[in-house]
Amino acid sequence: MSASTSIPYFSEDQLAGLGLTTHEVINRIETLILSGDKQQAWSAPKAVIQPGDGRYMMVALAAADDPSVLAVKTVVLNPRNPEQGLPLINGLVTLLDSHSGLPIAILDGNWITAVRTAGLSATAARHMAKNDASVIAFIGCGVQANSHLQAFSTLFPLEKVLLFGRGAVNIERLGDKAAELSLPSVACDSAEEAVTGADIVISSVTHTGDVTPFLDANWLKPGAFAAITDLAVPWGKESFSALDQVVIDDLVQEAAMPNKLMSPDYVTGDLSQLVLGKIKGRNLDSDRNAFVFRGHAMGDLALSTLVYQRALMMSD
Ligand SMILES: NC(=O)C1=CN([C@@H]2O[C@H](COP(=O)(O)OP(=O)(O)OC[C@H]3O[C@@H](n4cnc5c(N)ncnc54)[C@H](O)[C@@H]3O)[C@@H](O)[C@H]2O)C=CC1
Ligand SMILES: O=C(O)C1=NCCCC1
């Protein structure tokens, strides 16, 4: 292999310092989805290893020709990490030239996962949530909740944040983040109180391999939208029958996975169909909708390419 002797590495702080906006992230995700429809970008279903002790190890792969980039994201989720003061999920993104295979850069995978996941939810929310949504609830108050609050606060006229989680520190930290955004927050005594009171619900609880469902989609109020990042493990799956539109991230990936997010009968379509206008995200103001997803490699590629291009531009 002929490559430069050093591959640039971008840390979490460097990536956060680029100052990308949620609108830029959404636009890049949608642009990449359009490229995918024209066969100018591609992704593969994620490869997952679950050894049975709660760990979830995965690789996501996507590539495009304009710009010519292939992204591989490798992460390990370990439910015991937080006890040791570590983030639940750690990993890296490797970027290669999609024609030559030569290395381009290595990116911190934690920041990419936090921001791209909120970017995927925000992309769906733009089509599926009501524009005047003002109360947002978080079930699980960690890294994903934080990145989703940041993203959704720029898209919706939020007035109040409801919090339900485990561990006072995380709940307090998310409350502080809300305060920084000038939003009052309320810690709820039950998940039902948080869900029933919200226009937008974000669920992102720890994946342990054996979560007992404790959330019910029937609790969503008319007009509400839920972004269900956590592979729907805390939700009673049959309760999704109560919803009007349920969009998942990628039908092809879903078909390849052994444990389905839910019965295919409840699925309206996927994110590409939503962005391409092949399915509607919302019909009536009173519809109850959800975006339920396990993580789409196109999101990782979209954000990784965007940050790399921005970093190059800023170093000129
Ligand atoms: N769909 C996707 O692409 C992605 C999904 N995820 C999902 O998001 C989850 C959370 O990830 P992070 O925010 O990085 O982890 P985190 O550890 O920062 O936050 C998880 C939070 O959930 C709380 N929690 C755990 N069990 C709970 C329960 N029964 N009720 C209420 N709260 C509970 C924890 O106390 C913690 O505050 C992951 O486990 C994974 O399922 C994460 C990244 C990407
Ligand atoms: O796609 C991702 O990134 C993840 N998906 C499931 C949980 C770990 C991270």
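Index from 1, following the sequence. Both backbone and side-chain heavy atoms feed into the values below; hydrogens, waters and symmetry mates do not. Numbering of ligands and ligand atoms starts at 1, following listing order.
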inquiry  = Please list the nearest protein heavy atom to atom 3 (O) of ligand 2 with its residue and the distance rounded to 0.1 Å.
reply    = Lys73 NZ, 2.5 Å
ask   = Of the protein's non-hydrogen atoms, which lies at the shortest distance from atom 4 (C) of ligand 2, and what is that distance?
value = Met58 SD, 3.4 Å
task = Determine, considering heavy atoms only, which of Ile139, Val292, Asp300, Thr229 sits nearest to atom 7 (C) of ligand 1.
result = Thr229
ask   = How does Arg116 reach ligand 2, if at all, at less than 4.0 Å between non-hydrogen atoms: by side chain, backbone, both, or neither?
value = side chain
request  = Can you pull out the closest protein heavy atom to atom 18 (O) of ligand 1? Residue, atom name and distance to 0.1 Å, please.
outcome  = Val143 N, 2.8 Å
ask   = Nearest non-hydrogen atom to atom 34 (C) of ligand 1 belongs to which of Leu261, Thr206, Ile228?
value = Thr206
key: Close-contact set for ligand 2 against Arg294 heavy atoms, below 4.0 Å   = 1 (O), 5 (N), 6 (C)
Asp108 versus Ser11, side-chain donor and acceptor atoms under 3.5 Å = no
task = Would you mind telling me if ligand 1 is within reach of the side chain of Asn170, the backbone, both or neither, using heavy atoms under 4.0 Å?
result = side chain
note = So the atoms of ligand 1 within less than 4.0 Å of a heavy atom of Thr117 turn out to be 2 (C), 3 (O), 4 (C), 44 (C)
query = Any donor-acceptor pair under 3.5 Å linking the side chain of Thr268 with the backbone of Val246?
reply = yes
query = Which atoms of ligand 2 sit under 4.0 Å from any heavy atom of Gly295?
reply = 1 (O)
task = For Thr117 and Ala114, indicate whether the former's side chain and the latter's backbone hold a donor-acceptor pair under 3.5 Å.
result = no
ask   = For ligand 1, which atoms, with element, lie under 4.0 Å from some heavy atom of Gly140?
value = 22 (O), 32 (N)
task = Determine whether the side chains of Gln245 and Asn283 contain a donor N or O and an acceptor N or O closer than 3.5 Å.
result = yes
ask   = Would you find a donor on one side and an acceptor on the other, under 3.5 Å apart, between the side chain of Asp287 and the backbone of Asn289?
value = no
query = Under 3.5 Å, is there a donor-acceptor pair between the Thr229 and Ser204 side chains?
reply = no
ask   = What about Pro82: any of its N or O atoms under 3.5 Å from an N or O on ligand 1?
value = no
ask   = When you measure from atom 11 (O) of ligand 1 to every protein heavy atom, which one gives the shortest distance, and what is it?
value = Leu88 CD2, 3.6 Å
query = With a cut-off of 4.0 Å, which atoms of ligand 1 are near a heavy atom of Arg294?
reply = 1 (N), 2 (C), 3 (O)
ask   = Below 3.5 angstrom, do we get any N/O pair linking His296 and ligand 1?
value = no
query = Heavy-atom distance under 4.5 Å between the side chains of Ile26 and Arg126, does that happen here?
reply = yes
ask   = Do Asp37 and Lys278 sit within salt-bridge range, that is, some charged N less than 4.0 Å from a carboxylate O?
value = yes
request  = With heavy atoms of Gly165 as the reference, note each atom of ligand 1 found under 4.0 Å away.
outcome  = 31 (C), 32 (N)
task = May I ask which of Arg173, Gln144, Arg166 has a heavy atom nearer to atom 12 (P) of ligand 1 than the others do?
result = Gln144
inquiry  = Please determine whether any non-hydrogen atom of Phe214 lies less than 4.0 Å from an atom of ligand 1.
reply    = yes
request  = Return the residue, atom name and 0.1 Å-rounded distance of the protein heavy atom closest to atom 41 (O) of ligand 1.
outcome  = Asp230 CA, 3.4 Å
query = What are the atoms of ligand 2, with element, lying closer than 4.0 Å to any heavy atom of Thr113?
reply = 3 (O)
task = Could you tell me the residue and atom name of the protein heavy atom closest to atom 19 (O) of ligand 1, and the distance to it rounded to 0.1 Å?
result = Gly142 CA, 3.3 Å
query = Do any pairs count as a salt bridge (Lys or Arg N to Asp or Glu O under 4.0 Å) and have a residue in residues 238-264, sequence neighbours left out, and if so which ones?
reply = Glu254-Arg294
inquiry  = Is a donor from one side chain sitting under 3.5 angstrom from an acceptor on the other, for Ser239 and Asn218?
reply    = no
Under 3.5 Å side-chain donor-acceptor pair for Asp210 and Thr208 = yes
message = Out of all atoms in ligand 1, which are within 4.0 Å of some heavy atom of Arg116? Include the element for each.
response = 3 (O), 44 (C)
inquiry  = Quick check: do Val195 and Leu220 have side-chain heavy atoms less than 4.5 Å from each other?
reply    = yes
task = State whether the side chain of Glu30 and the backbone N or O of Asn27 hold a donor-acceptor pair below 3.5 Å, judged by distance alone.
result = no
message = Below the 3.5 angstrom mark, is there an N/O of Ala145, backbone or side chain, next to an N/O of ligand 1?
response = no
message = Does only the side chain of Lys46 get under 4.0 Å from ligand 2, or the backbone, or both, or neither? Count heavy atoms.
response = side chain
task = Check whether any heavy atom of His207 sits under 4.0 Å from an atom of ligand 2.
result = no
key: Atoms of ligand 1 close to Leu77 [distance to a heavy atom under 4.0 angstrom, numbered from 1]   = 38 (C), 39 (O)
ask   = For ligand 1, which atoms sit closer than 4.0 Å to a heavy atom of His207?
value = 39 (O), 41 (O)
ask   = So if you build clusters from Ile, Leu, Val, Met, Phe, Trp, Tyr with side-chain heavy-atom gaps below 4.5 Å, do Ile33 and Leu70 land together?
value = no
note = heavy-atom search around atom 10 (C) of ligand 1 in the protein gives Ser204 O, 3.4 Å
inquiry  = Tell me the protein heavy atom at minimum distance from atom 9 (C) of ligand 1, and give that distance in Å.
reply    = Val205 O, 3.4 Å
query = Do Thr113 and ligand 1 have an N or O pair less than 3.5 Å apart?
reply = no
task = Report yes if the side chains of Asp230 and Val205 come closer than 4.5 Å at any heavy-atom pair, otherwise no.
result = yes
query = Do Lys73 and Thr113 have side-chain atoms, one donor and one acceptor, less than 3.5 Å apart?
reply = yes
message = Can you name the atoms of ligand 1, numbered from 1 with element, that are less than 4.0 Å from a heavy atom of Ile89?
response = 14 (O), 42 (C), 43 (C)
request  = Scan side-chain atoms only and decide if Thr154 and His23 contain a donor-acceptor pair under the 3.5 Å cut-off.
outcome  = no
ask   = How are the rings of Phe214 and Phe164 set to each other: parallel, tilted or perpendicular (split at 30° and 60°)?
value = tilted
